[in-house]
2 protein chains.
Amino acid sequence: MNAPRTRIQAENRARIAAAALDVFSAEGFRGATVDAIAERAGMSKPNLLYYFPTKDAIYREVLERLLDDWLAPLRALDEAGDPVQEIAAYLDRKIEMARDFPAESRLFANEMLRGAPNMIDVLQGDLRALVREKAKVIRAWSAAGKIARVDPYHLIFAIWATTQHYADYDVQVRAVLGDDGEGRFHDGAAFLRKLFLDGLRPR
Amino acid sequence: MNAPRTRIQAENRARIAAAALDVFSAEGFRGATVDAIAERAGMSKPNLLYYFPTKDAIYREVLERLLDDWLAPLRALDEAGDPVQEIAAYLDRKIEMARDFPAESRLFANEMLRGAPNMIDVLQGDLRALVREKAKVIRAWSAAGKIARVDPYHLIFAIWATTQHYADYDVQVRAVLGDDGEGRFHDGAAFLRKLFLDGLRPR
DNA sequence: CTTTGTCTTGACCATCCGGTAAAATCGACG
DNA sequence: CGTCGATTTTACCGGATGGTCAAGACAAAG
C-alpha cells in the first residue's frame, strides 16, 4: 500500500492525511484518536485502517508530506540576491506560512516539544546540512559587509521563532491583541522587517 | 484538600506538582498518564489520587503554580530604567528562564498549541492587561526618542518567541548546532541583544 | 451480466487508563 | 502505649481506544 495503485487509494490517502494533519496538530499525537481522524476524513475507522495499518503510520505519512514544503522557504534563500532583501523576503515567506498553514506549524511544534521522536534523524541530517549551508551564505554576506556580523545559526533560529510564533501561539496573540481579522500577520511582518533590519536603538 | 493541612500533604502535593510538570511538559496533557506522574513522584496512583481528585486537577494546579513566575520577567520591565538596557535585561531574564526552566516553557507551549483550554481566561484577563500596560511604557519610550518607533505588542511577541524557542525547540536547536553544553544559551543571548538593539543592516 | 479484485462496514477484542472501594498501615498527640 | 485521623496499598471497575475479522458492496474488465 506504500504506492497508491488506484485513483481511490490516492484520493483517500490524501483525504486521510489532510484530516490527520488537522487532528494531530490540534490535539497532539496522543490526544488524536483514529476515530476522530476517520470522522474528519468522512469515513469509518476500519476503512481508514484499510489505507494505513496503524495510527503511527498515519502520523509518519503526515510528517513526510510536510517536510519539503516546510524547508522550502529556507532553501529559497538566494546567495546571489541582495542580502537585506533576501532576509526580508525570507521573513515574509515564513509569516505567510504561519498565516496560511498554521496546522503544519503546530504539528512540528508538537513533535519538537516531545523531543522529535519521529524526526530526530531528519533534524540531524537534512535539516542540519541545509542550515549549515545557508549559515555559510549568511556568514559570507557578513564578511562582505552586506549585513552586520552576527551568528548565522541564531539568526535563523530567530527567524523561525518569531514567524512560527504567529501560528503556534495564535491563541495568545489573539487574546492579547483582541480579534483583529488577520491584521496581526500584516503588522507582525512589518514589525519583524524593521526589527531584523534596523533594531530598536534609535539611529 | 485545597489548603494543605499537614506537613506530609504539603510535601506530597509539591512532589506531585513537580513530577506532573515534567510529565505534562514532555508528553502533553493527553499523553501524560496518571501512572507516569505517580511513578515519577515516587508513589502509587491511588495514593496520588488521594491528594488530587482528578488528572485535570493536577494539571490546573501545575498551571497555577507557574503563572506568577512566568509573567515576572515582563512585570519587572521598569518604566523608569534606561529603555535600551531594560529591553536587553528582559531578553536576558527570558533566556535564563528558557535555560533553567525549560519544562515550564514547554508546558505553556503545549497549552497554547491546544488553544489554551485552561488558560484562555487568564490570557484575555491578567495577561492582556499586563501586556497593554507594558506596551504603553514601550510606546512612551518610542515617543521620547529613546528607542525606535515600533509596534510594542509585536515587540513583546518577538521577545517571547525568540527566547522561548530555546526551550520549546531545544531538540531542533541541539540537532542543528551539535551538542554544545549550554553554550547555545550564551550565544543566543548575545545574538538577541545585537538583533534587538541594532538589527542586521550595516551602519 | 459475470467475474474478480478493490473497497467498505458492523461486530468484536484486548489493552490502557482514569478513577473507586475498602482494608491496612502509619504517625501525632494525649 | 493507645487512639484516631491521616496516609498508603491492593484489588478492581468501566469506558475509551487502537486494532482485527469476516462478510458484504462496489467498480472495472471481459
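In this text, all values refer to a predicted model and were calculated from it rather than measured experimentally.
A:R106 places no side-chain N or O within donor-acceptor distance of the main-chain N or O of B:L113, the cut-off being under 3.5 Å.
For the pair B:D35 CG and D:dT9 P, the computed distance is 13 Å after rounding to whole Å. Across the protein-nucleic acid pair, A:Y50 atom OH and C:dG5 atom P stand 13 Å apart, rounded to whole Å. In this structure, CD1 of A:I16 is placed 9 Å from P of C:dT8, rounded to the nearest angstrom. B:M43 has its CE atom 17 Å from the P atom of D:dA6, to the nearest Å. The separation between B:I58 atom CD1 and C:dC17 atom P is 14 Å, rounded to whole Å. Protein atom CZ of A:F52 is 21 Å distant from nucleotide atom P of D:dT17, rounded to whole Å. For the pair B:I37 CD1 and C:dG18 P, the computed distance is 8 Å after rounding to whole Å. The distance from atom NZ of B:K45 to atom P of D:dC12 is 14 Å, rounded to the nearest whole Å.
Contact check, A:T54 against D:dG18: no side-chain N or O comes under 4.0 Å of OP1 or OP2. Residue B:N47 has a polar side-chain atom (N or O) positioned under 4.0 Å from OP1 or OP2 of D:dT9. A:S44 has a side-chain polar atom (N or O) that falls below the 4.0 Å cut-off from OP1 or OP2 of C:dT9. Checking the phosphate oxygens (OP1, OP2) of D:dT8, a side-chain nitrogen or oxygen of B:N12 falls inside 4.0 Å.
Ring centroid separation for the pair A:F191 and A:H186 does not come in under the 6.0 Å cut-off.
A 4.5 Å side-chain heavy-atom check between A:R15 and A:N12 finds at least one atom pair inside the cut-off.
The nucleotide whose nearest atom lies closest to any side-chain atom of B:P46 is, among D:dT7, C:dG18, C:dA21, C:dA21. Distance from the side chain of A:Q9 is smallest to C:dC7 among D:dT7, D:dG18, C:dC7.
Mapping B:R30 and B:I8 onto DNA chain D by nearest heavy atom places B:I8 at the nucleotide closer to the 5' end. Both B:D56 and B:R7 lie near DNA chain C, and the one whose nearest nucleotide falls closer to the 5' end is B:D56.
If you check every strand for non-hydrogen atoms under 4.0 Å, A:T33 touches sugar and phosphate atoms only. The residue B:A32 sits close only to the backbone: its heavy atoms come under 4.0 Å of sugar-phosphate atoms, none of a base.
Using modelled atom types, one finds a donor on one side chain and an acceptor on the other under 3.5 Å when comparing B:E111 with B:Y59.
Cation-pi contact between B:K134 and B:W160: absent, since separation from the ring centre below 6.0 Å together with deviation from the ring axis within 45° is not met.
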